[in-house]
There are 2 protein chains.
Amino acid sequence: MKNIPDATVKRLSLYYRILQPLSIQGTHEISSKNLASLLAINPAQVRKDLSYFGTFGKRGAGYNVSQLVAKIAEILGISEERKVIIVGAGNLGSALAAYHGFEVFGFKVCALFDTDTHKTGKKIKGIPCYNIKELIQFVKNEKIKMAVIAVPAQFAQQIASVIVSSNIKAILNFAPVRINIPPDVKVNNVDLALELKSLSYFLKNI
Amino acid sequence: MKNIPDATVKRLSLYYRILQPLSIQGTHEISSKNLASLLAINPAQVRKDLSYFGTFGKRGAGYNVSQLVAKIAEILGISEERKVIIVGAGNLGSALAAYHGFEVFGFKVCALFDTDTHKTGKKIKGIPCYNIKELIQFVKNEKIKMAVIAVPAQFAQQIASVIVSSNIKAILNFAPVRINIPPDVKVNNVDLALELKSLSYFLKNI
DNA sequence: CTTTGTGAAGTAATTCACAGCC
DNA sequence: GGCTGTGAATTACTTCACAAAG
């Protein structure tokens with residue numbers, strides 16, 4: 001497979017989110033123009049993104065919605081449910097545990113991990129919380145493939161190392177530091193303060 | 001001012017986050033090479049980013065750390081504290097309210113807004129929660145310039161409209177939908193399910 | 001010597017524009 | 001007529017490479 005831009009993969013998610021409800025409510029076909037206008041992007045962008053993975057459209061008509069939904073689900077690997085663990089059961093971690101956005105889109109939060117003995121051994125928002133010492137075994141038993149880091153910045157690196165040694169290859173990092181990981185592990189960073197700062201810059205320059 | 005790439009502005013935040021602690025612990029100077037290696041990026045990138053805003057370095061020596069910290073703070077508009085409101089006092093909203101990452105970087109969460117009368121009129125994690133009807137007046141009185149949207153997808157657009165009519169020009173949107181706003185308003189989207197999906201794609205293609 | 005600042009070169013992503021098909 | 005698929009053109013971003021300065 002060719003090198004697909006990261007931006008393309010993220011847009012596929014957006015397409016899916018638009019198309020899935022349309023498919024359920026019975027919309028048959030959609031043109032790149034219509035889909036693009038729903039996302040305020042360029043129609044050629046939509047066509048090019050899809051063309052990386054094959055040719056799904058009908059000239060003169062557009063794309064079959066339900067076919068396209070199935071195809072994107074397959075491309076993104078969200079046909080089956082993905083199990084996720086969250087490390088850090090503080091404010092952010094437990095909010096994420098309870099966040100329904102994840103399950104709606106096919107991700108199941110299986111467990112929280114923390115070091116605080118006031119939290120471990122209990123359920124938080126319905127999700128069991130374990131000690132971080134149990135992480136590696138749990139990941140192995142439950143065949144977990146994805147982890148979310150929601151610990152304070154100063155612990156992020158050591159947690160990342162534990163996660164990597166558990167053989168997880170995909171990490172969503174909320175800690176406001178860049179973490180060092182082997183090249184075969186993918187990290188997506190969600191950096192809240194950074195987003196606010198970039199807004200702040202915008203405000204300064206209106 | 002020329003067109004500064006969005007990526008440059010976001011990197012400035014990263015530079016700031018590295019430099020600020022260095023400045024406090026007394027590091028005098030830093031070269032673009034050193035700074036770049038701390039972020040695993042190219043030294044020329046650092047120099048080019050900074051050069052958009054002026055010439056701050058000393059040839060042969062590098063950059064004065066505390067000067068640079070002050071300069072970046074000024075560029076990003078984080079010299080003064082920025083007041084922020086959060087709309088939506090559910091799991092995510094209240095977690096964000098309690099998230100210390102914001103205040104550490106100079107943002108103060110002044111209020112939460114919700115429609116649920118079980119929440120309004122109370123304090124949540126120490127932050128007062130008001131009814132959304134009071135939003136416009138509050139923003140005016142308190143001179144709020146930034147808002148965070150943490151409501152479910154189906155309400156995001158109408159909340160965005162309220163925020164826009166309150167004359168706020170910068171929005172951080174956590175709802176998993178693209179919201180339509182006038183071109184003079186800046187929206188940064190933080191899309192958690194999207195980040196997970198892009199990880200999922202990565203896992204499929206190892 | 002070292003390191004900056006920056007035009008020029010090189011990459012990557014997006015958009016155009018049109019041939020080909022319905 | 002309408003719309004896709006895609007090479008070509010454009011735009012945006014990154015990296016190189018070197019003159020100028022300490």
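All chains are named by letter (A, B, ...) in the order of the sequence lines, taking the proteins before the strands, and each is independently numbered beginning at 1.
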Mapping B:Lys33 and A:Ile41 onto DNA chain C by nearest heavy atom, which one lands closer to the 5' end?
B:Lys33

Do NZ/NE/NH1/NH2 and the carboxylate oxygens of B:Lys10 and B:Asp49 come within less than 4.0 Å?
no

Any side-chain N or O of B:Ser32 less than 4.0 Å from the OP1 or OP2 oxygen of C:dT4?
yes

Once you measure the plane-to-plane angle for A:Phe53 and B:Tyr201, does it fall in the parallel (<30°), tilted (30-60°) or perpendicular (>60°) bin?
perpendicular

Pairs flagged by salt bridge (Lys or Arg N to Asp or Glu O under 4.0 Å) wherever residues 57-71 of chain A is involved - sequence neighbours left out
A:Lys71-A:Glu74

Between atom CG in A:Asp6 and atom P in C:dA13, what is the gap in whole Å?
9 Å

Determine the interplanar angle of the A:Phe113 and A:Tyr130 rings, folded into 0 to 90°, and report it as parallel if under 30°, tilted if 30 to 60°, perpendicular if over 60°.
tilted

Winner on side-chain proximity to A:Ser51, out of C:dT4, D:dT14, D:dT6, is D:dT6

Protein-to-nucleotide contact annotation, 5' to 3' order, nucleotides 17-22 of chain C [B base; S sugar-phosphate only; - none; under 4.0 Å, heavy atom]:
B-BBBB

In whole Å, I'd like the distance from the NZ atom of B:Lys48 to the C1' atom of C:dT4.
12 Å

B:Tyr63 side-chain N/O to C:dG5 phosphate OP1/OP2 under 4.0 Å
yes

According to salt bridge (charged side-chain N to carboxylate O under 4.0 Å, His left out), who are the partners of B:Glu142, at least two apart in sequence or on a separate chain?
B:Lys83

Please output the side-chain donor-acceptor pairs of residues 151-165 of chain A that fall under 3.5 Å, not counting sequence neighbours, one pair per line with the distance.
from	atom 1	to	atom 2	distance (Å)
A:Gln157	OE1	A:Asn180	N	2.9
A:Gln157	NE2	A:Asn180	O	3.1
A:Ser161	OG	A:Gln157	O	3.0
A:Ser165	OG	A:Ser161	O	3.4
A:Ser165	OG	A:Val162	O	2.8

Using atom names, set out every protein N or O paired with an N or O of nucleotides 9-11 of chain D below 3.5 Å, distance rounded to 0.1 Å.
none

I'd like to check the side-chain hydrogen bond (donor to acceptor under 3.5 Å, both in side chains) partners of A:Lys186; sequence neighbours left out, ordered by chain and number.
A:Asp6

